[in-house]
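Letters go in sequence order (proteins before strands), and every chain restarts at 1.
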Amino acid sequence: MGWIVSDASSFEWWGGLKTAHEITISAFLVQMTRWESVVKVINKLREKQLNKIENLSKLSVEDLEKEIRSINFYKTKARRLKAFADKVAEEGGLENFLKIEKRPILLSMEGIGEETADSLLLFAGNNVIFPQSEYLRRVMSRVLGKKLTKSGAKQIVEEKLNKDLFEYKLFHAGIVSIGKAFCYTNNPNCDKCFLKPVCRKYNYETL
DNA sequence: ATCCTGCTGC
DNA sequence: GCAGCTGGAT
């Protein structure tokens, strides 16, 4: 069965970005920001060979600000990216840094909270960890018909899914897709949503 | 005007 | 728990 692909890395996860470096840079940039804006900046960085963490660390914060000016909170994010790039250099490269045992160090860095840390570990580092996003909390809360915290929703998912990289990435992609397309904070578009057959909010008007 | 795959510091 | 960060797109 040659067409059954078990290698999760050959799919266009994380908006189609391929390298751990671009995924990592975009993870900083995308916070409270439209994905489309992030892609534009990543494309520009790539043209200038700045799509690698080591190359970013050679820039000053001021120059980095200029490169990402079109991004929401660009000053804050330039500072955080610069600090992260320097830290990666200390730790002996990005690949070595994106491992589960480094999670506490990731979380200790400015600009990396739970969601970003686990997104990096899953999509850039290929670790079986599920990111606890606001999308996840919202969709899972409505489908299950009870108020969940982000970490609560994450716990349920990690309990139920097989410990499989492909499943984790696919489920995350599904949650994000549904969150963006239908499951808005206000006035969710439940009629169009393809989860409505199994959603408690839709069927019982809870939450 | 409002929205956008958060995190920090208070 | 919540204001602030900070700007482009619609």
Side-chain angles (χ1 to χ4, degrees), chain A residues 8 11-45 61-87 98 102-127 129-143 147-154 156-158 168-189 193 195:
Chain A
F11 283 78
E12 298 213 340
W13 310 116
W14 200 256
L17 297 187
K18 301 290 187 200
T19 70
H21 288 265
E22 292 188 1
I23 291 170
T24 302
I25 296 167
S26 71
F28 279 88
L29 299 184
V30 79
Q31 294 169 12
M32 282 305 291
T33 303
R34 289 176 188 278
W35 178 249
E36 294 72 30
S37 312
V38 174
V39 173
K40 285 180 191 170
V41 169
I42 293 290
N43 288 337
K44 280 201 306 185
L45 291 176
V61 175
E62 291 75 22
D63 288 339
L64 196 45
E65 285 179 6
K66 289 174 190 160
E67 299 296 338
I68 67 170
R69 193 191 301 274
S70 61
I71 293 292
N72 201 3
F73 310 137
Y74 73 95
K75 286 189 175 180
T76 307
K77 288 172 180 175
R79 188 179 70 241
R80 291 171 176 177
L81 261 176
K82 171 70 173 169
F84 183 81
D86 293 344
K87 182 69 177 176
L98 298 177
K102 303 280 187 180
R103 200 182 112 105
I105 307 179
L106 285 170
L107 284 173
S108 74
M109 302 207 59
E110 192 197 357
I112 301 184
E114 302 270 352
E115 177 170 352
T116 304
D118 290 342
S119 295
L120 287 179
L121 287 172
L122 176 59
F123 288 99
N126 288 317
N127 302 277
I129 287 185
F130 203 87
Q132 47 173 62
S133 64
E134 173 63 16
Y135 283 146
L136 180 74
R137 190 201 61 72
R138 211 159 63 215
V139 174
M140 293 290 290
S141 292
R142 286 171 173 160
V143 169
K147 280 194 177 178
L148 300 171
T149 61
K150 284 186 182 179
S151 61
K154 168 190 171 142
I156 293 174
V157 169
E158 290 197 329
Y168 271 47
K169 290 185 176 182
L170 183 59
F171 195 87
H172 177 86
I175 290 288
V176 171
S177 302
I178 291 161
K180 287 174 84 164
F182 313 110
C183 206
Y184 319 130
T185 307
N186 305 116
N187 304 318
N189 192 354
C193 182
L195 275 187

* Structure fact -> In this structure, CE of A:Met109 is separated from CG of A:Asp86 (nearest 0.5 Å) by 8.5 Å
* Side chain of A:Lys77, backbone of A:Gln31: donor and acceptor closer than 3.5 Å? -> yes
* Which whole number of Å gives the distance between the P atom of C:dA3 and that of B:dT2? -> 15 Å
* Asked: How long is the line joining CG of A:Leu29 and P of C:dG8, in whole Å?
  -> 14 Å
* To do: Please state the P separation for the pair C:dG4 and B:dT5 - nearest whole angstrom.
  => 23 Å
* Give me the residues of residues 110-122 of chain A where at least one heavy atom lies under 4.0 Å from an atom of DNA chain C, by number, or none. => none
* Let me have DNA chain B in dot-bracket notation, would you? Count Watson-Crick plus G-U wobble pairs, both distances under 3.5 Å, and use [ ] for pairs crossing earlier ones and | for inter-strand partners. => ||||.|||||
* Quick one: are A:Arg103 and A:Asp118 in side-chain contact, heavy atoms under 4.5 Å? -> yes
* Just checking A:Ser70: base, sugar-phosphate only, or nothing, at a heavy-atom cut-off of under 4.0 Å? -> sugar-phosphate
* In whole angstrom, give the distance that lies between atom NZ of A:Lys40 and atom P of C:dT10. => 7 Å
* To do: Give the rounded distance in Å between these two atoms: CZ of A:Phe73 and P of B:dG6.
  => 9 Å
* Asked: Are A:Glu65 and A:Lys75 within salt-bridge range, i.e. N to O under 4.0 Å?
  -> no
* Ion pair check, A:Glu114 and A:Lys150, cut-off under 4.0 Å -> no
* When the distance from CD of A:Glu65 to P of C:dC5 is rounded to whole Å, what number comes out? -> 15 Å
